[in-house]
Amino acid sequence: RSVVEQYTQLRALTAADVLHTADTSFTFDVATMSDSAITRDERLESFLDTHQALDEDHNRAVFLLGGLVGRITAYQDYNNVSSTLVRRYPVDYLTKQTIKEVTKEVLQVDNSYAEADDDRSYLTNNRYTSRLADTMLATDPSGWSMTEAELQWLYSLGISYGLNDI
């Protein structure tokens, strides 16, 4: 949650035109939220469309992976599962070398929960899984032009989003 707080603070500082640095590859745009009720799918789509840091496929893939990890972890917390995905795949575990394996494992866990729980279906987290498959397959992670810190930041942002996707 602190990542979301920091991100919000950075956006506010940028909007106030008091943040000036050449050390960041991300720019922040301010988007006004509407008052109308929207679905989780629409909210995620809006979030992805209004955050320039998520414009590139590989950035979006890392964020969506984190979002799915966050959603499953929230489900696990609700069901008192002690070994959550956030514990199994913490932010510092994710690298360009481990991301494919983590993605495979997370999708497998999501499918296992869909099979085991009568209240869930394979479409429960479809807003993440359908987009994740497309973006993750677009290019090989070893060729992505991002640092490990950027990769982990996007993953943690996704986790925070997913934990709060209610």
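Just so it is clear, the structure is predicted and the values come from calculations on it, not from any experiment.
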Quiz: residues 80-89 side-chain donor-acceptor pairs under 3.5 angstrom, not counting sequence neighbours:
unit_1	atom_1	unit_2	atom_2	d
T84	OG1	R87	N	3.4
R87	NH1	S82	O	2.4

Inter-residue atom distance [X].[atom1] - [Y].[atom2], 0.5 Å rounding:
X	Y	atom1	atom2	result
L151	H58	CG	NE2	9.0 Å
L157	Q152	CG	CD	13.5 Å
L64	R71	CG	CZ	14.0 Å
D55	L48	CG	CG	9.5 Å
L44	I38	CG	CD1	9.5 Å

Would the distance check show the side chain of [X] and the main-chain N or O of [Y] forming a donor-acceptor pair, the cut-off being under 3.5 Å?
X	Y	value
T50	S46	yes
E115	S112	no
D110	V106	no

Contacts of E45 that satisfy side-chain hydrogen bond (donor to acceptor under 3.5 Å, both in side chains) - sequence neighbours left out
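Testing E45 for side-chain hydrogen bond (donor to acceptor under 3.5 Å, both in side chains), a comparison that skips the adjacent residues, returns R131.
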Kindly give the heavy-atom pair with the smallest separation between [X] and [Y], and that separation in Å.
X	Y	value
R60	L54	NE-O, 3.1 Å
L132	A61	CD1-O, 3.4 Å
L65	Y155	CG-CE1, 4.1 Å
G70	L163	O-CD2, 3.4 Å

Any L68 side-chain heavy atom under 4.5 Å of T129 side chain:
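Yes. Closest side-chain heavy atoms under 4.5 Å.
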For residues R127 and N125, determine if any side-chain heavy atom of one lies less than 4.5 Å from a side-chain heavy atom of the other.
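In contact.
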Please enumerate all residues that pass salt bridge (charged side-chain N to carboxylate O under 4.0 Å, His left out) together with D77, with sequence neighbours excluded.
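Residues passing salt bridge (charged side-chain N to carboxylate O under 4.0 Å, His left out) with D77: none at all.
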For E105, what residues pass the salt bridge (charged side-chain N to carboxylate O under 4.0 Å, His left out) criterion, not counting sequence neighbours?
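Expected list: none.
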Among residues at least two apart in sequence or on other chains, which ones pass ring pair (Phe, Tyr, Trp, His ring centres under 6.0 Å) with F63?
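For F63 the ring pair (Phe, Tyr, Trp, His ring centres under 6.0 Å) partners, ignoring immediate neighbours, are F47, Y161.
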Is it true that the side chains of Y128 and D165 contain a donor and an acceptor less than 3.5 Å apart?
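Their side chains do contain a donor-acceptor pair, which is all the 3.5 Å distance test asks for.
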Please set out all donor-acceptor pairs under 3.5 angstrom arising from side-chain atoms of residues 94-103, sequence neighbours excluded.
unit_1	atom_1	unit_2	atom_2	d
T95	OG1	Q97	N	3.2
T95	OG1	Q97	OE1	3.3
T95	OG1	T98	N	3.2
T95	OG1	T98	OG1	3.3
K96	NZ	W144	O	2.7
K96	NZ	M146	O	2.9
T98	OG1	Y93	O	3.0
T98	OG1	T95	N	2.8
T98	OG1	T95	O	3.4
K100	NZ	D140	OD1	2.8
T103	OG1	I99	O	2.7

side-chain contact (heavy atoms from CB on, under 4.5 Å) between N111 and Q108, intermediate numbers included
CA-CA 5 Å; N111 288 335; Q108 183 175 334; 5.7 Å; no
